[in-house]
Protein chains: 4
Amino acid sequence: MRHKGTSASIVEAAETLFAEQGFTETTVRQITSRADVNLAAINYHFGSKKGLIQAVAEKFLTPLCAELGSMMEQRQVADSSPSLEELLEMLMRALLLVHRENVNALAVFMRLLELAYMKNQEELRDFLISRYNDKLQPFIQLIRKDAAPMEDDEFFWRLHFLLGSITFTLSNYHTLHAIEKREFHSGAEVENILHRMIPVLSAGLQARADKTYFCRL
Amino acid sequence: MRHKGTSASIVEAAETLFAEQGFTETTVRQITSRADVNLAAINYHFGSKKGLIQAVAEKFLTPLCAELGSMMEQRQVADSSPSLEELLEMLMRALLLVHRENVNALAVFMRLLELAYMKNQEELRDFLISRYNDKLQPFIQLIRKDAAPMEDDEFFWRLHFLLGSITFTLSNYHTLHAIEKREFHSGAEVENILHRMIPVLSAGLQARADKTYFCRL
Amino acid sequence: MRHKGTSASIVEAAETLFAEQGFTETTVRQITSRADVNLAAINYHFGSKKGLIQAVAEKFLTPLCAELGSMMEQRQVADSSPSLEELLEMLMRALLLVHRENVNALAVFMRLLELAYMKNQEELRDFLISRYNDKLQPFIQLIRKDAAPMEDDEFFWRLHFLLGSITFTLSNYHTLHAIEKREFHSGAEVENILHRMIPVLSAGLQARADKTYFCRL
Amino acid sequence: MRHKGTSASIVEAAETLFAEQGFTETTVRQITSRADVNLAAINYHFGSKKGLIQAVAEKFLTPLCAELGSMMEQRQVADSSPSLEELLEMLMRALLLVHRENVNALAVFMRLLELAYMKNQEELRDFLISRYNDKLQPFIQLIRKDAAPMEDDEFFWRLHFLLGSITFTLSNYHTLHAIEKREFHSGAEVENILHRMIPVLSAGLQARADKTYFCRL
DNA sequence: TATGAATGAGCGTTCATTCAT
DNA sequence: AATGAATGAACGCTCATTCAT
């Protein structure tokens, strides 16, 4: 635990601060000061603040995709296609893997996804897509198989409703956990929250698309 | 239309920029320059950048709560309690009201809610709660009535899963719309997206909470 | 003399430091510290360090060109064309005008010309040409009239030999003056140096171009 | 030709970059990166960036002085003293020797001389004087013999007018060559420029010093 | 009511150099 | 002899805010 190398110290400090404050709000001075390394070390090791953010992203996404892939492989030996709940459970287990490495990992990861969907962030978006889209598409297609039958565009939006639930909850887990504790005198752990999501998200994906309401809005 | 007053010009410019870039990334210089007013005008009229953000918040939340309240009042004359889908439809109609005022209004509004859940943003959170909690609680309790039976904490988390879907989708509507157009050669309007959410969110709230999966994560 | 305004203080301090150290070597902190103004003042008043350099340039070049123009106008009433020595004397008198406003003005001005001829400084070069070429061309053409008959390219190079003499001497006047004082126990004033240049430059321009030496190099 | 040693690679890369950008604007990172050697190599082999600059200086000045010396020796067997044009031709031939070693050599060399005349560069100036003054003085005295009769201080300034012509033209040869090509659709080679200087500089040195103009400035 | 000028604090980045191996 | 890692100092610039009028 003593001295784990400048690069690793920077990444660790960055994870915590990014999770708490977001990327823009976190300064390189805060990171290097918390990591107890020289101010210039981020630029030396990662080229720029942006480079550090990408390094943090890869650190999480690579094992996550790998885990998801190996789970899917294992499951595919059976003759039946996995159910929606099974698939979401896989996803949650993969997220837990990231979570267990670092308390802040999931929050950073989710903030990164949020950031990627902002305007003027095409660079980050393209970076993530180019690196991980191939690995995630098979999983997404399996989800679609067990979801309610629907058009491509309907599925596109539902997938992002789901993504919104996950990113919002995990990005702000710290705050939500604190509120829950204050209101109900007990707080759920991340594992528990991930578990609670499964039936909710599953039901949302399996809900029948109803076009008759459209006129009434 | 010609000269709509310094304050209004500032708010209008701020809405667009906040929607596109978020609050931190938007500078007072960008706002005053776009509004074609003096750099000091924001501090003069709103005290600070934070004051401007709160003014924008009130501008959206006040009519939204009012609309939601009057809808509930109208509905309460009937002898039956409103269904979940009816309630969500009310919410979406109230959001549409905000949307119709300004193309960027909903995105700003949703970014504001996201911001309110961040660490170190207790001030904004408290401000919103003190001003609007009373008005929203009755609506939330009606939702709970038609949701699946569940503990307080379970309902707390599901409400935030729902909030995540809404904020993520509407904050990033601009980006998602662009992606949809590129992929499927047609893009859904905001009204349509709001409509699509209803069955999904409704199903999520009515899903039976299943504790047997817990151990498997 | 007391307080002459932030802009003017900055320009004055910049002139001295640019003259002594050149542009790159002079930092905005040195300038603002010497001018006793806030560090941000340069960016506020001139947009950037580069903007300050251009402001300094215009401050010198505009009156110089004006003076040169009015001298040429006055002279043109006579029926004869001005001699090379007369023209160089005009130039030197115009330079003296700049010099009298500020001890460092000529050195800065000359460093600026040197800078404009460097690679990767096309922006500055284009800026100067677009602003002042029209005003200098008539003067240059008068010089050509009384110079020895020669090809265009020969004249081009001789003009730059002349420019080199002037820029080098005036850029480094401070150093050269100090050396002269140390070696000969007396130092020439700028006025005197400008005067001494006239017969030398004049003779250079009137020297017969000799192509027979070419093979011997 | 393949691997020419770290030191030589550094010097070669430095020459090009110094010629193009000047000394301050050229960073050790640029040099080591272009030379494809370790970042620390400059400090290791030359002690500091300043040490590298001095090494480059010696590389040029030593053969130049030697050549000039041997030319003077050869010429001295004759019973007559060499003419100004002969002497300038010797100088140009010696410069060509430097030029032939490397396309950028003359530009670097001339930039170095310019640098040596700047304030705060006494160290470099003293270094050059201590090493090469003795070797150059005889040549300078020969020049004086065939120049117009004049006071010491007059000769001092004329020598620097001449130095200015040479340094300015050769430092910026790259730029001037490009301008000439654009304007006249043909560009002169360095050899040609050196040749063209001879009659101009010679005439300048032989011009009669005229003190009657003094009062008119 | 409004604004041009100015400010202190802080930003991400780059510099030549040094250190440990 | 050579190098990857690291460093302290400084860089130009931008931030939200305040002041004097």
Side-chain angles (χ1 to χ4, degrees), chain A residues 3 5-10 23-33 35-53, chain B residues 5-7 9-10 23-32 36-53, chain C residues 3 5-10 23-33 35-53, chain D residues 5-7 9-10 23-32 36-53:
Chain A
H3 184 252
T6 303
S7 266
S9 301
I10 289 172
F23 302 100
T24 318
E25 291 78 3
T26 301
T27 71
V28 303
R29 275 172 178 80
Q30 287 178 320
I31 298 168
T32 52
S33 156
D36 201 30
V37 302
N38 187 273
L39 170 61
I42 287 180
N43 281 84
Y44 177 74
H45 286 281
F46 302 97
S48 66
K49 185 184 175 183
K50 192 176 286 182
L52 171 59
I53 294 175
Chain B
T6 305
S7 272
S9 302
I10 289 171
F23 301 99
T24 317
E25 289 78 5
T26 300
T27 70
V28 303
R29 265 186 175 72
Q30 287 178 318
I31 298 169
T32 53
D36 202 29
V37 301
N38 186 272
L39 170 61
I42 287 179
N43 286 83
Y44 179 74
H45 286 279
F46 302 95
S48 67
K49 185 183 175 182
K50 196 174 285 183
L52 170 60
I53 294 175
Chain C
H3 184 251
T6 304
S7 265
S9 302
I10 290 172
F23 302 100
T24 318
E25 291 78 5
T26 300
T27 71
V28 301
R29 275 170 179 81
Q30 286 178 321
I31 297 169
T32 52
S33 156
D36 201 29
V37 301
N38 186 273
L39 170 60
I42 287 179
N43 282 85
Y44 177 75
H45 286 280
F46 303 97
S48 66
K49 185 184 174 182
K50 192 177 286 184
L52 171 58
I53 293 175
Chain D
T6 304
S7 273
S9 301
I10 290 171
F23 301 99
T24 317
E25 289 78 5
T26 300
T27 70
V28 302
R29 263 182 178 73
Q30 287 178 318
I31 299 169
T32 52
D36 201 30
V37 301
N38 186 272
L39 170 61
I42 287 179
N43 286 83
Y44 180 74
H45 286 280
F46 302 95
S48 67
K49 185 183 176 182
K50 195 174 285 183
L52 170 59
I53 294 175

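Letters A, B, ... are given to chains in the order of the sequence lines, protein chains preceding strands, and every chain is numbered from 1. All values reported here derive from a predicted model rather than from experimental measurement.
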Minimum heavy-atom distance between K49(A) and T24(A), given as atom pair plus value: NZ-O, 3.7 Å
Separation of dA16(E) C1' from I31(D) CD1 (nearest whole Å): 11 Å
Under-4.0 Å side-chain N/O to phosphate OP1/OP2 contact, T6(C) with dA6(E): yes
Test side chain to side chain donor-acceptor pair (under 3.5 Å) applied to T26(B) - qualifying residues, sequence neighbours left out: Q21(B)
Protein N or O to nucleotides 8-10 of chain E N or O, pairs below 3.5 Å:
{"from": "dG8(E)", "atom 1": "OP2", "to": "N38(C)", "atom 2": "ND2", "distance (Å)": "3.0"}
{"from": "dG8(E)", "atom 1": "N7", "to": "N38(C)", "atom 2": "OD1", "distance (Å)": "3.4"}
{"from": "dG8(E)", "atom 1": "N7", "to": "N38(C)", "atom 2": "ND2", "distance (Å)": "3.2"}

Heavy-atom pair with the smallest gap, counting every atom of A35(C) and S9(C): CB-O, 3.5 Å
Student check: side-chain heavy atoms of I31(A) and L52(A) closer than 4.5 Å: yes
Shortest non-hydrogen contact between S48(A) and I42(A), atoms and distance: O-CG2, 4.0 Å
Contact nearer the 5' end of DNA chain E, comparing T26(A) with F23(D): T26(A)
DNA chain E-proximal residues of residues 44-52 of chain D, any heavy atom under 4.0 Å: S48(D), K49(D)
Nearest-Å distance for atom pair CD/P, residues Q30(A) and dG12(E): 8 Å
Spacing of CD1 belonging to I10(A) relative to NE2 belonging to H45(A), to within rounding of 0.5 Å: 5.5 Å
Shortest non-hydrogen contact between L39(C) and R29(C), atoms and distance: CD1-CG, 3.7 Å
Non-hydrogen atoms of Q30(D) and E25(D) that approach each other most closely: OE1-O, 3.5 Å
Nearest-angstrom distance from the residue atom CG of D36(C) to P of dA6(E): 13 Å
For the student: nearest non-hydrogen atoms of N38(A) and A40(A), plus distance: OD1-N, 2.7 Å
I10(D) CD1 - dA1(F) C1' separation (whole Å): 12 Å
DNA chain E base-pair string [pairs: Watson-Crick or G-U under 3.5 Å; |: paired with another strand]: .||||||||||||||||||||
Pairs satisfying salt bridge (Lys or Arg N to Asp or Glu O under 4.0 Å), at least one member in residues 35-48 of chain C, at least two apart: none
ring-ring contact (aromatic ring centres under 6.0 Å, His included) partners of F46(B), counting only residues at least two apart: none
Distance, rounded to the nearest Å, where N43(D) contributes CG and dA5(F) contributes C1': 15 Å
